[in-house]
Amino acid sequence: MATIVQKFGGTSVGTPERIQRVAARAVRAHRAGNRVVVVVSAMSGETNRLLSLAGQISQAPHHREIDVLVSSGEQVSIGLVALACCELGVEARSFLGSQVRITTDDAHGMARIRDIDADSVVAALDRGEIVVVAGFQGVNEDGQITTLGRGGSDLSAVAMAAALKADVCEIYTDVDGIYTTDPRVVADARKIDRITFHEMLELASLGAKVLQTRSVEFAMKYEVPLHVRSSFDESEGSWVVPEEEGMEGAVVTGVAFDRNTAKLTVLGVPDVPGTVADLLFPLGEAGINVDVIIQNTAIDGRTDVTFTVSQTEMERAVALAQVVANRLGASGIVADAHVAKVSVVGAGMRSEAGVAVAMFRHLGQANVNIQLISTSEIKISCIIDEKFTELAVRVLHEAFRLHEAPAA
Ligand code: ADP
Ligand code: ASP
Ligand code: MG
């Protein structure tokens with residue numbers, strides 16, 4: 001008897017009809033003799049709707065109350081999916097994060113899973129029921145509802161799969177797999193049959209939202225077999241797999257982009273030891289992630305420090321950096337919300353020189369100016385003007401011939 005975790009995203013449970021199709025799929029897997037755990041997101045648009053309601057009431061809402069509010073979307077979905085399974089003649093039981101119980105730390109809105117005590121889920125499976133778990137939510141030691149960050153139902157599914165030692169974690173979504181880039185941006189993007197955890201982790205963290213970054217991290221750590229596939233048909237999707245012996249990684253596997261990027265430059269920072277740490281420390285304390293960081297050569301004992309943060313955190317970052325800039329006697333801060341990060345990812349880059357230069361040349365030929373560059377072992381990212389995002393993605397996809405199947 002196999003244990004299967006099936007996760008359905010917002011679009012896949014967006015209407016009562018789609019919920020019935022989700023239930024039908026779960027029931028099919030159950031009747032085929034599997035132990036089935038379904039993890040669901042809120043119906044499409046619901047999490048945004050709830051957040052916007054909060055925004056109309058409060059400018060600085062308490063994180064605890066936001067989690068109470070937004071976690072309700074998933075509560076609706078599990079109730080409906082469980083009802084739909086029962087209608088099809090199979091006993092099903094819904095579980096909130098607190099009922100499973102999925103224990104997290106206290107970081108409301110971005111909580112980390114600490115532990116899953118799945119005894120009651122296992123008992124339900126032993127009774128022959130389909131288990132329907134609310135994605136995106138957990139509970140801290142205190143019993144407070146927490147949420148796992150946007151897209152966090154992917155993480156809930158992977159974590160349940162790890163806790164139950166499931167045979168597979170299937171991520172059902174509105175595309176039929178992982179593509180060389182977002183198929184909504186590049187029409188001839190190609191579906192990737194097998195991608196390594198490392199490559200998928202880079203793609204996700206660089207903006208490919210088909211899988212939430214932490215879910216990939218978690219799946220890699222606990223070796224959860226991950227299958228991303230369509231909730232609308234039966235086609236084989238994409239498998240995320242460990243690096244295999246002799247697996248000849250393509251030089252470039254995919255292109256990712258992130259419009260939720262903003263650039264800050266602190267001008268005229270005194271060029272003495274410790275200033276960059278002073279500048280960035282309060283941002284880290286406030287939970288703001290600083291991404292690309294560049295410091296220029298000093299002229300007359302002063303330098304400019306440029307870094308990126310997510311657009312949604314730009315205002316907070318400016319306010320915090322301004323305090324330190326004033327204290328250090330820097331000459332000012334310039335912020336630009338209209339930038340994007342475009343990245344190419346590929347495990348084969350480790351052994352192949354020249355990918356960076358090719359990327360820069362192709363962007364240059366398309367008249368896309370590069371503002372900042374950052375590289376790691378298997379990726380190269382460029383910060384560019386946001387309005388050229390789609391152009392840059394198309395140019396790079398074409399330049400690295402990603403629409404063509406790699407040579408066998
Ligand atoms: P769900 O609600 O099912 O979790 P998401 O909207 O979070 O779905 O993720 C699926 C979306 O991810 C797709 O509709 C697609 O536009 C986008 N996407 C971005 N990059 C990629 C990629 N490389 N491969 C496939 N989809 C991608
Ligand atoms: N409903 C949550 C969100 O919109 C979680 C998810 O969809 O994975 O972010
Ligand atoms: Mg998602």
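Note that ligands are numbered from 1 as they come in the structure, with each ligand's atoms numbered from 1 the same way. These figures come from a predicted structure and were not determined experimentally.
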Identity and separation of the nearest protein heavy atom to [atom]:
atom: atom 3 (C) of ligand 2; value: Arg150 NE, 3.4 Å
atom: atom 23 (N) of ligand 1; value: Tyr179 O, 2.9 Å
atom: atom 7 (O) of ligand 2; value: Ser41 OG, 3.2 Å

Would you call [X] and [Y] a salt bridge, taking side-chain N to carboxylate O under 4.0 Å as the test?
X: Lys191; Y: Glu236; value: no
X: Asp174; Y: Arg184; value: yes
X: Glu46; Y: Arg49; value: yes
X: Lys7; Y: Asp154; value: yes
X: Glu390; Y: Arg259; value: yes
X: Lys341; Y: Asp291; value: yes

Just which atoms of ligand 1 are under 4.0 Å from any heavy atom in [X]?
X: Thr173; value: 1 (P), 3 (O), 8 (O), 10 (C)
X: Ala208; value: 20 (N)
X: Asp174; value: 10 (C), 11 (C), 13 (C), 14 (O)

Would you say Ile178 touches ligand 1, if touching means a heavy atom closer than 4.0 Å? yes
Contact between Gly177 and ligand 1, counting heavy atoms under 4.0 Å?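 Gly177: in contact with ligand 1 (<4.0 Å).
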If we only consider heavy atoms of Glu74, is any one of them less than 4.0 Å away from an atom in ligand 2? yes
Quick check on Gly135 - does any of its heavy atoms sit under 4.0 Å from an atom of ligand 2?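 So Gly135 does not count as touching ligand 2.
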Using heavy atoms and a threshold below 4.0 Å, how should the contact between [X] and ligand 1 be classified: side chain, backbone, both, or neither?
X: Lys7; value: side chain
X: Pro183; value: side chain
X: Leu203; value: neither

Measure from atom 17 (C) of ligand 1 to every heavy atom in Val13, Asp182, Leu206, Val175 and give the option owning the shortest one.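 It is Asp182 whose heavy atom sits nearest to atom 17 (C) of ligand 1.
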Does any part of the side chain of [Y], heavy atoms only, come nearer than 4.5 Å to the side chain of [X], both counted from C-beta?
X: Val40; Y: Val132; answer: yes
X: Ser231; Y: Arg21; answer: no
X: Val131; Y: Phe95; answer: yes
X: Leu148; Y: Met110; answer: no

Are any of the N/O atoms on [X], whether in the backbone or the side chain, positioned under 3.5 angstrom from an N/O atom of ligand 1?
X: Thr11; result: no
X: Arg184; result: yes
X: Gly10; result: yes
X: Ser12; result: no
X: Thr180; result: no

Can you find an N/O atom of Gly149 closer than 3.5 Å to an N/O atom of ligand 2?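 No; every N/O pair is 3.5 Å or more apart.
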Within the structure, does Lys7 bring an N/O atom to less than 3.5 angstrom of an N/O atom in ligand 2? no
OG1 (Thr181) and CG (Leu396) are apart, to the nearest 0.5 Å, by 9.0 Å
Return yes if a side-chain donor-acceptor contact under 3.5 Å exists between Thr180 and His397, otherwise no. yes
Which of the atoms in ligand 2, numbered in the order shown and given with their element, are less than 4.0 Å from a heavy-atom of Gly151? 3 (C), 5 (C), 6 (C), 8 (O), 9 (O)
